[in-house]
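Taking it in order: structure first as structure tokens, then the write-up.
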Amino acid sequence: MAGLTREEAAGRIMVALDYPEAGAAETLLRNLEGIPCYIKVGMQLFYSAGPGFISGLKDRGYRVFLDLKMHDIPNTVKGGASSITRLGVDMFNVHGAGGQGMMEAAMEGVEAATSGGSGLQRPIVIAVTQLTSTSQAVLNDEIGIAGSVEDAVIRYAKLAQAAGLNGVVASPQEVKTIKAECGAEFKTVTPGIRPAGAALNDQTRIMTPGEALAQGTDFMVIGRPITGAADPRAAIESIIEELV
Ligand SMILES: O=c1ccn([C@@H]2O[C@H](COP(=O)(O)O)[C@@H](O)[C@H]2O)c(=O)[nH]1
């Protein structure tokens, strides 16, 4: 895949705002001002800054992925999905490990929040498969799931699709197989992105931004290579450059 405009390339990047409080996240947002990237808010920032921070992002025109990886009994996830939908986020996720019934309940929660002329948009709902920090050895020897990581990812992806979800979170290494098994329209959102030479940190199943794009990923989630850089704006600009 080639020939993305700068705007399209920026729109494929979800910057992970993994900060302990809103002030630090605001500093990063000021630094990236004008770059039309997606913003991902995870548990660290959401538990600290709360729904008001999400509204602030939406007021400023950002597309927002709320990454809370809900994993609970179906009734609880249904309620959680309704509440998240009412925040007006563009995307949220549940954990595929909750099974098809739990994922169907999430979709029912979205339906309940958006039906009856509520005027609320339907968010993209995706399922976490195997975390990109999980290696083959950890999956087999520690967690005790037999088979390849890719097999486990595909199993979750098919369950998510059967439940009516729009896509999955997986590593870029599994994107081609997910698209082959679930179709090109089924979204792939891929963390585990590391520009050449960047520190891996706790990620194990990684690719560079250019490699991930070539696999056909829809969105790449990137945190520390941008947020931990001495010059975050230069870091994201360099990733955009790699994608155009
Ligand atoms: O499998 C997963 C699911 C979610 N994440 C999240 O993505 C970012 C990655 O941040 P980096 O700093 O680029 O490693 C982070 O917010 C994770 O919670 C993931 O890495 N893997």
Side-chain angles (χ1 to χ4, degrees), residues 12-21 24-25 28-29 32 37-49 53-54 57 62-71 84 89 91-98 124-136 138-139 142-143 145 149-150 152-157 160 165 167-175 177-178 187-213 215 217-230 232 235-236 238-240 242-243:
R12 299 277 190 120
I13 299 171
M14 297 176 145
V15 177
L17 292 186
D18 291 323
Y19 290 108
E21 41 81 33
L28 193 272
L29 289 170
L32 302 188
C37 53
Y38 228 106
I39 297 295
K40 185 186 87 79
V41 176
M43 61 181 84
Q44 185 185 19
L45 183 58
F46 188 75
Y47 294 163
S48 153
F53 187 80
I54 302 294
L57 288 172
Y62 281 111
R63 287 179 298 156
V64 177
F65 168 24
L66 185 54
D67 174 21
L68 297 182
K69 304 180 182 67
M70 283 193 290
H71 186 191
I84 287 181
V89 299
M91 182 184 288
F92 77 87
N93 59 7
V94 298
H95 206 299
I124 297 169
V125 187
I126 57 176
V128 176
T129 58
Q130 284 298 333
L131 295 170
T132 53
S133 53
T134 303
S135 63
Q136 184 67 56
V138 166
L139 183 76
E142 230 179 87
I143 303 175
I145 295 178
V149 170
E150 185 171 89
V153 167
I154 296 303
R155 198 178 172 89
Y156 283 128
L165 272 67
V168 286
V169 181
S171 100
Q173 297 178 8
E174 294 102 36
V175 166
T177 313
I178 293 168
K187 301 263 180 270
T188 52
V189 176
T190 57
I193 303 292
R194 287 295 181 268
L200 301 194
N201 313 112
D202 45 6
Q203 301 285 2
T204 69
R205 306 197 326 277
I206 63 151
M207 278 190 176
T208 66
E211 289 167 344
L213 187 67
Q215 297 299 305
T217 191
D218 295 289
F219 296 104
M220 45 192 95
V221 177
I222 312 179
R224 289 162 288 185
I226 295 171
T227 58
I236 193 170
S238 147
I239 293 167
I240 291 170
E242 186 174 334
L243 300 178

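Worth saying up front: this structure is predicted, and the values here are computed from it rather than measured. In listed order, ligands and their atoms are each counted from 1.
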Straight-line distance of [X] [atom1] to [Y] [atom2], nearest 0.5 Å:
X      : Y      : atom1 : atom2 : result
Ile124 : Asp218 : CD1   : CG    : 9.0 Å
Phe65  : Lys40  : CZ    : NZ    : 6.0 Å
Gln130 : Ile145 : CD    : CD1   : 5.0 Å

For ligand 1, which atoms, with element, lie under 4.0 Å from some heavy atom of [X]?
X      : answer
Asp18  : 15 (C), 16 (O)
Pro191 : 2 (C), 3 (C), 4 (C), 5 (N), 7 (O), 19 (C), 20 (O), 21 (N)
Arg194 : 11 (P), 12 (O), 13 (O), 14 (O)
Val221 : 7 (O), 8 (C)
Lys69  : 3 (C), 4 (C), 18 (O)

Note: Ile178 and Ala170 closest approach over all heavy atoms is CD1-CB, 3.6 Å
Heavy-atom distance to atom 21 (N) of ligand 1: which of Ile226, Thr132, Val169, Asn93 wins? Thr132
Using a 4.0 Å heavy-atom cut-off, say whether Ala170 meets ligand 1 through its side chain, its backbone, both or neither. neither
Measure the distance from atom 13 (O) of ligand 1 to every protein heavy atom, then report the residue, atom name and distance (to 0.1 Å) of the closest one. Gly223 N, 2.8 Å
Is any side-chain heavy atom of Arg194 closer than 4.5 Å to one of Asn201? yes
Does some side-chain heavy atom of Thr188 sit less than 4.5 Å from a side-chain heavy atom of Glu174? no
Any N or O on Leu131 sitting closer than 3.5 Å to an N or O of ligand 1? no
